[in-house]
Q: 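Below: one structure in structure tokens.
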Amino acid sequence: MTLLTRDSLQIVHFPHPALRWESKPVRKVDDELRALVRLMFDLMYEARGIGLAANQVALPCQLFVLNLTADPEQASEERVLVNPVIEKRKGTQEEEEGCLSLPEVFAKVRRSKTVRVTAYDLDGNEQTFEADSLEARAMQHEIDHLHGVLFIDKLAEAGRLSVAEDLTRFEQRYQHAVRRGEIESKAETHRRLRELETRWA
Ligand code: ZN
């Protein structure tokens, strides 16, 4: 299989099927995966995001990258969470949220106020995060991605209505692109995801 490159890796938009994929835990980290993680940071910064999950670049593995500053100069703030699990939740918070896979769409989402997340880094070391506020929100959002869940799934009725038109627009754009052959079909994406998911599992 060919090495994935900067050109082949891009952020996919709703309703791309990779966003609904239940990703597999990572069992081995190789140089290619490390390179992909670096590319994910680059894509995230380009898009001015603070987090990016593997599903969003159509990779079916349980990892995400995070930098709450969104600033590539602040590399010490970069986090890579492999196989993240929420161990504990406390309180609730409701804030406006967006997603790089749903550009320009924002809505209020209720989430836990604090979370304890355990994960591995790329060297296989276990790490524990006691996250609060924005960090807690971002981690919950990214972990959802790894299980095929999007923030729009979490909206109350009013929020759902407010984004309905945008979602229809995204659906139409996707169908259009598939018909014109600009992006692969759903079946083709599923086939590729199944092929890729054994790679680091
Ligand atoms: Zn997102």
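FYI, the numbering just counts along the sequence from 1.
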Q: Do you know which of Arg111, Arg20, Arg137 makes salt bridge (charged side-chain N to carboxylate O under 4.0 Å, His left out) with Asp144?
A: Arg111

Q: If you apply the rule side chain to side chain contact (heavy atoms under 4.5 Å, CB included), what do you find for Leu63 with Asn83, and how did you get there?
A: CA-CA 6 Å; Leu63 69 86; Asn83 302 342; over 6 Å; no

Q: Kindly indicate whether the side chain of Pro60, heavy atoms from C-beta on, has any atom under 4.5 Å from the side chain of Arg199.
A: no

Q: Find out whether Met139 and Phe129 are in side-chain contact, i.e. whether some heavy atom of one side chain is under 4.5 Å from a heavy atom of the other.
A: yes

Q: Please lay out, stage by stage, how Ile152 and Phe14 fare under the test side chain to side chain contact (heavy atoms under 4.5 Å, CB included).
A: CA-CA 10 Å; Ile152 48 169; Phe14 174 85; 3.7 Å; yes

Q: Do NZ/NE/NH1/NH2 and the carboxylate oxygens of Arg38 and Glu78 come within less than 4.0 Å?
A: yes

Q: Quick one: does His16's side chain have a donor or acceptor within less than 3.5 Å of a partner on Ala18's backbone?
A: yes

Q: Answer yes or no: are there more than 12 heavy-atom neighbours, outside Arg179 itself, under 6.0 Å from its atom CZ?
A: yes

Q: Does a donor on one side chain and an acceptor on the other come within less than 3.5 Å for Tyr45 and Glu73?
A: no

Q: Could you tell me if the side chain of Lys108 sits less than 4.5 Å from the side chain of Glu95, heavy atoms only?
A: no

Q: Set out, in order, the CA-CA distance, both residues' side-chain angles and the distance that settles side chain to side chain donor-acceptor pair (under 3.5 Å) for Ser23 and Asn55, then state yes or no.
A: CA-CA 7 Å; Ser23 278; Asn55 288 52; 2.7 Å; yes

Q: Can you check whether Ser112 reaches Lys90 side chain to side chain, under 4.5 Å on heavy atoms?
A: no

Q: Within the 4.5 Å heavy-atom criterion, are Val57 and Val12 side-chain neighbours or not?
A: no

Q: Look at atom CZ of Arg169 and say whether more than 12 heavy atoms of other residues, nucleotides or ligands are closer to it than 6.0 Å.
A: yes

Q: Looking only at the aromatic ring of each residue, does the gap between the centers of His190 and Trp21 stay below 6.0 angstrom?
A: yes

Q: One thing to verify: whether Arg191 and Glu188 come together as a salt bridge, which I'm taking to mean a side-chain N less than 4.0 angstrom from a carboxylate O.
A: yes

Q: Flag the pair Tyr174 / Ile183 as yes when at least one side-chain heavy-atom distance between them is below 4.5 Å, and no otherwise.
A: yes

Q: Quick check on salt bridge (charged side-chain N to carboxylate O under 4.0 Å, His left out): which of Glu130, Glu135, Glu87 does Arg116 satisfy it with?
A: Glu130

Q: Test side chain to side chain donor-acceptor pair (under 3.5 Å) on Glu184 and Thr189 and set out the steps.
A: CA-CA 6 Å; Glu184 63 192 10; Thr189 300; 2.7 Å; yes

Q: Answer yes if the side chains of Trp200 and Glu32 hold a donor-acceptor pair under 3.5 Å, and no otherwise.
A: no

Q: Quick one: does any side-chain atom of Glu77 pair with a main-chain N or O of Asn67 as donor and acceptor, under 3.5 Å?
A: no

Q: Counting only heavy atoms not in Glu126, do more than 12 fall under 6.0 Å of its CD?
A: yes

Q: With a 3.5 Å cut-off and no angle check, do the side chains of Gln140 and Arg89 form a donor-acceptor pair?
A: yes

Q: Determine whether more than 12 heavy atoms belonging to other residues, nucleotides or ligands lie under 6.0 Å from atom CD of Glu96.
A: yes

